[in-house]
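Reckoned from all heavy atoms, side chains included, excluding hydrogens, waters and symmetry mates.
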Amino acid sequence: MLPTLPTDRRAAAVLVSGAVAAGLAVVLTLGGDPGPGQGLVAGTPTGTAPPTTPRPRTAPAPPVSTAAPETPATRSTPTAATSPPRATTTPRAPAATRARPPTRPTATRPPATRRAAPTPKPAPRPPSASRGPTGWAALNAAISRIPGYRSSGITWTVTSRYGHYGTTDLATSDIYISPTVPVSLLDSVVRHEYAHVVTVRVYGGQWRLAKSALNAAFGGSGMTGAERAADCMARLMGASWTNYTSCSSSAWRNHAQRLLAGRRV
């Protein structure tokens with residue numbers, strides 16, 4: 001039950017409480033004092049007239065219609081506002097950025113710089129004869145032309161103190177060449193002196209043993225066999241001139257060939 005309203009003849013009031021939301025209908029009489037049976041009525045709505053009275057109260061729907069005109073205004077404003085931005089979408093001015101072709105010439109620059117970068121290397125100098133074991137270029141050239149030349153342990157010196165075109169110390173492998181040797185004979189002289197060193201090597205550095213073996217193979221005494229062996233070996237290495245023998249003996253040539261091959265006689 002809801003509380004009864006004051007009975008005021010000058011005003012009429014309709015009170016809707018939370019019970020209305022629950023489906024209850026409240027009807028008040030307008031004007032005059034309530035008579036018997038004309039008081040506050042509360043109950044659930046039925047199919048009678050009282051339920052029909054709430055329907056006019058659904059008229060508040062017009063506010064919805066009032067909101068409707070506002071929405072068109074709002075809809076029109078976005079279109080007006082967005083139209084200028086659409087004009088801003090025209091910055092297809094990137095087409096102006098198609099001026100990238102100037103960058104293409106820059107790509108060709110590196111090849112140009114690469115072509116200029118390599119500096120021509122100086123041509124290798126031919127080996128100079130002056131770089132040999134002595135200060136005499138012609139002698140150095142003759143030494144470099146000795147077939148199968150092995151320089152280990154050999155010392156070459158230009159000097160005239162021994163009175164010969166060439167002299168070899170069999171114990172130390174030191175070779176002395178006279179500066180008076182004609183250039184045309186240098187090849188023959190250096191081959192002869194180098195043959196002495198080769199012979200001592202064949203006998204393991206024992207020069208006395210080598211000397212005696214050479215005397216037995218080539219004949220003679222003292223240094224005779226060693227000098228004949230050196231001339232024959234020089235001839236086999238291409239010498240055009242020899243002092244002790246022309247080595248016409250086939251036996252001596254065979255001995256010389258064995259010595260050049262590293263074999264004893």
- Message: Can you give me the closest heavy-atom contact between Arg191 and Ala239, atom names plus distance?
- Response: CD-N, 3.9 Å

- Task: Looking only at non-hydrogen atoms, find the nearest pair between Val190 and Ala142 and report the distance.
- Result: CG2-O, 3.9 Å

- Query: Run the side-chain contact (heavy atoms from CB on, under 4.5 Å) check on Leu139 and Val181 step by step: do they pass?
  - Reply: CA-CA 10 Å; Leu139 175 59; Val181 178; over 6 Å; no

- Apply side-chain contact (heavy atoms from CB on, under 4.5 Å) to Ser151 and list each qualifying residue two or more places apart in sequence or on a separate chain. Tyr149

With no hydrogens and no angle check, is any side-chain donor or acceptor of [X] less than 3.5 Å from a backbone partner on [Y]?
X      : Y      : value
Tyr194 : Arg150 : yes
Ser173 : Val197 : no
Arg264 : Val202 : yes
Arg253 : Cys247 : yes
Thr134 : Trp136 : yes

- Task: For the pair Thr180 and Ser178, evaluate side-chain hydrogen bond (donor to acceptor under 3.5 Å, both in side chains) and give the outcome as yes or no after the intermediate values.
- Result: CA-CA 5 Å; Thr180 62; Ser178 174; 2.7 Å; yes

- Would you check if there is a donor-acceptor pair between the side chains of Asn215 and Ser212 at a distance under 3.5 Å? no

- Message: Once you measure the plane-to-plane angle for His255 and Phe218, does it fall in the parallel (<30°), tilted (30-60°) or perpendicular (>60°) bin?
- Response: perpendicular

- Message: Is the shortest side-chain heavy-atom distance between Met223 and Lys211 below 4.5 Å?
- Response: yes

- Message: Go through it in stages, so that I can follow the logic: the residues are Arg235 and Asp231, the test is salt bridge (charged side-chain N to carboxylate O under 4.0 Å, His left out), and I'd like the CA-CA distance, side-chain angles, deciding distance and then a yes or no.
- Response: CA-CA 6 Å; Arg235 288 282 182 173; Asp231 272 359; over 6 Å; no

